[in-house]
Protein chains: 2
Amino acid sequence: MPEPKQTKASPTMADTDIAIVRIAPETSFKNKAYEALKEAILKMDIYATPEPVMLDERALSERLGVSRTPIREAIAMLEQDGFVKTVPRRGIVVVRRTKAEIVDMIRAWAALESMAARLITTTARKKDISSLRDFFKDFSDDRLPQDHIEEYSKANIAFHQALISLSESPVLVDLTNDLLLHVRGYRQLTIGRKDRTATSLPEHLGIIEALEARDTELAEKRARDHTLGLAAYVEAHGQELFT
Amino acid sequence: MPEPKQTKASPTMADTDIAIVRIAPETSFKNKAYEALKEAILKMDIYATPEPVMLDERALSERLGVSRTPIREAIAMLEQDGFVKTVPRRGIVVVRRTKAEIVDMIRAWAALESMAARLITTTARKKDISSLRDFFKDFSDDRLPQDHIEEYSKANIAFHQALISLSESPVLVDLTNDLLLHVRGYRQLTIGRKDRTATSLPEHLGIIEALEARDTELAEKRARDHTLGLAAYVEAHGQELFT
DNA sequence: ATTACGTTTTTGGCATACCAAATGCCACGA
DNA sequence: TCGTGGCATTTGGTATGCCAAAAACGTAAT
């Protein structure tokens with residue numbers, strides 16, 4: 001069989017070096033299923049219904065048009081992530097976090113973010129730090145965050161992720177992203193935060209200023225206290241969801 | 001329908017309540033394989049050989065006496081943990097961390113542990129804090145840590161894990177345990193730490209004192225600086241292993 | 001001897017079939 | 001009416017077999 005792929009055309013092409021990029025890795029069904037299920041789980045409002053949300057292997061394999069095997073492997077991965085829990089001979093249940101768990105996660109997030117802030121003061125470029133303000137450029141005294149909760153919430157998340165990224169620490173980035181995925185499901189964080197929004201923006205700016213000033217201790221403290229404030233808020237006002 | 005199970009013996013036993021404990025869940029082959037492989041990976045010295053360490057599904061299934069299916073699911077889980085990486089049509093390779101990654105992980109660990117220290121100052125009982133000293137009771141001026149590296153190293157790990165546990169934060173505990181598993185493979189952390197051992201013990205005691213004094217900021221700072229010190233040490237003296 | 005090319009083997013991905021435990025349903029009997 | 005026993009169903013767990021890509025091997029042509 002001729003031409004399996006790329007570079008075998010003429011023997012004299014040597015190292016003309018066509019920019020070949022390893023071709024598409026053609027992600028496996030296992031990974032496709034993983035991504036699909038993960039997205040579906042994150043999208044659904046787990047805390048809406050009182051009954052536990054169950055998944056059915058066979059139903060999923062039919063819906064996604066693949067056999068149970070890749071589905072099961074994807075489920076095993078999701079279970080490692082803590083998104084689902086499979087109970088032998090009973091079913092696969094989407095994990096619901098308690099308020100205490102959410103608060104706990106936010107505290108861990110605070111720890112990681114404050115470390116990120118610390119690192120940023122010693123390594124990041126001034127330009128990159130300052131550009132963090134851009135996330136909030138659409139808000140002002142004429143256009144208050146609390147009047148555009150949904151939009152501000154997105155900017156908020158984006159800011160925090162960009163902040164962590166500036167630390168150039170893959171571990172901090174990955175860990176916080178994982179935590180955010182879990183916390184995110186808790187809708188109240190977005191909706192009920194209306195009364196927190198007012199203080200949120202100034203605190204963000206305060207963090208940025210400390211970073212620009214290369215004040216390691218202050219930046220760390222502000223980043224930590226800001227997110228710990230959210231944890232305290234959820235702990236105090238998050239009852240409703242966890243009936 | 002009344003009384004689904006258990007109390008169904010004689011109609012008159014009512015709530016004699018025999019202590020039935022739900023029987024053993026009989027962990028599946030998948031989980032057994034996961035544990036076995038994880039332990040094997042952690043036990044081997046990944047950084048010993050220059051060539052990448054490969055795993056073979058079929059060989060493993062034969063060695064463990066099960067089919068490939070549970071093995072593959074276990075591998076999928078290990079991949080989520082970041083211990084292995086499967087390359088399609090190439091094989092399964094045990095992941096080797098670079099020095100930068102190890103340092104990065106230790107920094108994240110420092111972040112989490114300092115948060116744990118912070119929490120401990122506000123919630124833990126005095127008695128529990130003080131008992132942290134027990135881990136080092138076998139060491140003194142007559143029996144220096146640097147003369148019993150291996151033993152001290154174990155006490156060291158145990159101390160840190162006990163410390164984090166005192167925070168009563170499952171998230172902090174789990175995250176740090178995961179990080180430790182990855183960092184642990186880096187033998188130099190144990191062996192080459194001889195020159196760090198001298199300062200290690202006093203720093204530990206310093207952390208304990210700050211915790212006992214309920215000095216939140218100081219405890220946090222000492223915990224953080226202690227572990228960041230390890231990160232800096234590895235960054236400076238860890239070349240040898242990563243050829 | 002070296003290179004080119006074709007064949008074999010290896011390896012992970014996926015589909016399918018079967019098993020056993022747990023449930024639910026239902027008829028039979030006190 | 002109540003509940004008891006058993007059969008059918010559901011559901012996750014496991015074993016097998018086949019496939020295609022890629023590497024390993026071997027052979028023939030230059």
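We use all heavy atoms of the structure for the numbers below, so side chains are in, but hydrogens, waters and symmetry mates are not. In what follows, every chain begins at residue 1, and chains take the letters A, B, ... in the order their sequences are listed.
To the nearest angstrom, P of dG13(C) lies 8 Å from CG of N31(A). Between F29(A) atom CZ and dA20(D) atom P there is a gap of 13 Å when expressed in whole angstrom units. Following rounding to the nearest Å, K30(A) (NZ) and dA15(C) (C1') show an atom-to-atom distance of 16 Å.
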Where do L172(A) and L119(A) land on the side-chain contact (heavy atoms from CB on, under 4.5 Å) test, with the steps shown first?
CA-CA 11 Å; L172(A) 291 182; L119(A) 296 178; 3.9 Å; yes
K30(B) and T69(B): side-chain contact (heavy atoms from CB on, under 4.5 Å), yes or no, with the steps?
CA-CA 8 Å; K30(B) 169 183 68 175; T69(B) 307; over 6 Å; no
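Side-chain atoms of Y47(B) come within 3.5 Å of backbone atoms of R97(B) as a donor-acceptor pair (strictly under, hydrogens ignored). Between the side chain of K99(B) and the main chain of E235(B), a donor-acceptor pair closer than 3.5 Å is present. Under the 3.5 Å distance criterion, the side-chain polar atoms of H182(A) are matched with a main-chain donor or acceptor of D81(A).
In this structure, L37(A) CG and F83(A) CZ are separated by 11.5 Å, a value rounded to the nearest 0.5 Å.
Contact annotation: S67(B) side-chain N/O to dT14(D) OP1/OP2 distance is not under 4.0 Å. In this structure, T86(B) reaches the dG13(C) phosphate: one of its side-chain N or O atoms is under 4.0 Å from OP1 or OP2.
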What string of B, S and - do you get for nucleotides 6-11 of chain D, 5' to 3', if B is base contact, S is sugar-phosphate-only contact and - is no contact with any protein heavy atom under 4.0 Å?
-----B
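Within residues 68-78 of chain B, the residues having any heavy atom under 4.0 Å from DNA chain D are, by residue number, R68(B), T69(B), P70(B).
Ion pair R224(B)/E113(B) not flagged as a salt bridge, since none of the NZ, NE, NH1 or NH2 atoms sits closer than 4.0 Å to an Asp/Glu carboxylate oxygen.
Residues meeting the side-chain hydrogen bond (donor to acceptor under 3.5 Å, both in side chains) test with E168(A), sequence neighbours left out: none.
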